[in-house]
Amino acid sequence: MTDTLSAAMAGSVDELRERLGGDPTGWRWGDLHTPELENATFGKSGIGPIEWLFNHGPAGTSGGDAIVNANGWSADLGTRSRPCALCA
């Protein structure tokens with residue numbers, strides 16, 4: 001099990017270095033998480049200025065404990081919140 005976890009961690013770090021560069025201090029959540037937001041009504045209108053006005057992105061997100069599937073944590077309190085599961 002330890003070998004599997006070590007290999008997974010090493011692979012993750014290799015991928016991050018490939019995508020974000022060799023210096024982890026420069027890594028930013030928003031460089032990997034860049035949603036493109038398309039308006040449901042006007043997003044595919046075929047009219048360039050309207051699409052430009054109503055669609056946004058790609059835009060980097062900031063991360064944090066209020067994002068989807070996030071854990072909230074602090075050193076003094078430990079885990080404060082966990083992702084919830086929504087069932088239909």
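Small disclaimer: the values here were computed from a predicted structure and weren't measured.
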If the condition is ring pair (Phe, Tyr, Trp, His ring centres under 6.0 Å), which residues does His33 pass it with, not counting sequence neighbours?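 Residues passing ring pair (Phe, Tyr, Trp, His ring centres under 6.0 Å) with His33: Trp29.
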Indicate every side-chain donor-acceptor pair of residues 2-15 with a distance under 3.5 Å to a residue at least two apart or in another chain.
from	atom 1	to	atom 2	distance (Å)
Ser6	OG	Thr2	O	3.0
Ser12	OG	Ala8	O	2.9
Glu15	OE2	Arg19	NH1	3.2

For residues 46-62, which residue pairs pass the salt bridge (charged side-chain N to carboxylate O under 4.0 Å, His left out) check, not counting sequence neighbours?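 Passing the test, one end in residues 46-62: no pairs.
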Just grab all the salt bridge (charged side-chain N to carboxylate O under 4.0 Å, His left out) pairs involving residues 22-37, residues at least two apart or on different chains.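 Qualifying pairs: none.
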Quick one: hydrophobic cluster around Ile47, which other residues, with the 4.5 Å side-chain cut-off, linked directly or via members?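 Noted: Ile47 shares its cluster with Phe42, Ile50, Trp52, Leu53, Phe54.
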Which heavy atom of Ala59 sits nearest to which heavy atom of Pro35, and what is that distance?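 Heavy atoms only, the tightest pair is O-CD, 3.1 Å.
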Within the structure provided, determine whether Leu32 and Leu20 are in side-chain contact (heavy-atom separation under 4.5 Å).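 They are in side-chain contact.
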Return each pair, listed once, that meets ring pair (Phe, Tyr, Trp, His ring centres under 6.0 Å) where at least one residue sits in residues 3-27; pairs must be two or more places apart or across chains.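 Sorted pair list comes back empty.
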Under 3.5 Å, side chain of Asn55 to main-chain N/O of Gly43, donor-acceptor pair present?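 Side chain of Asn55 to backbone of Gly43, a donor-acceptor pair under 3.5 Å: yes, one is there.
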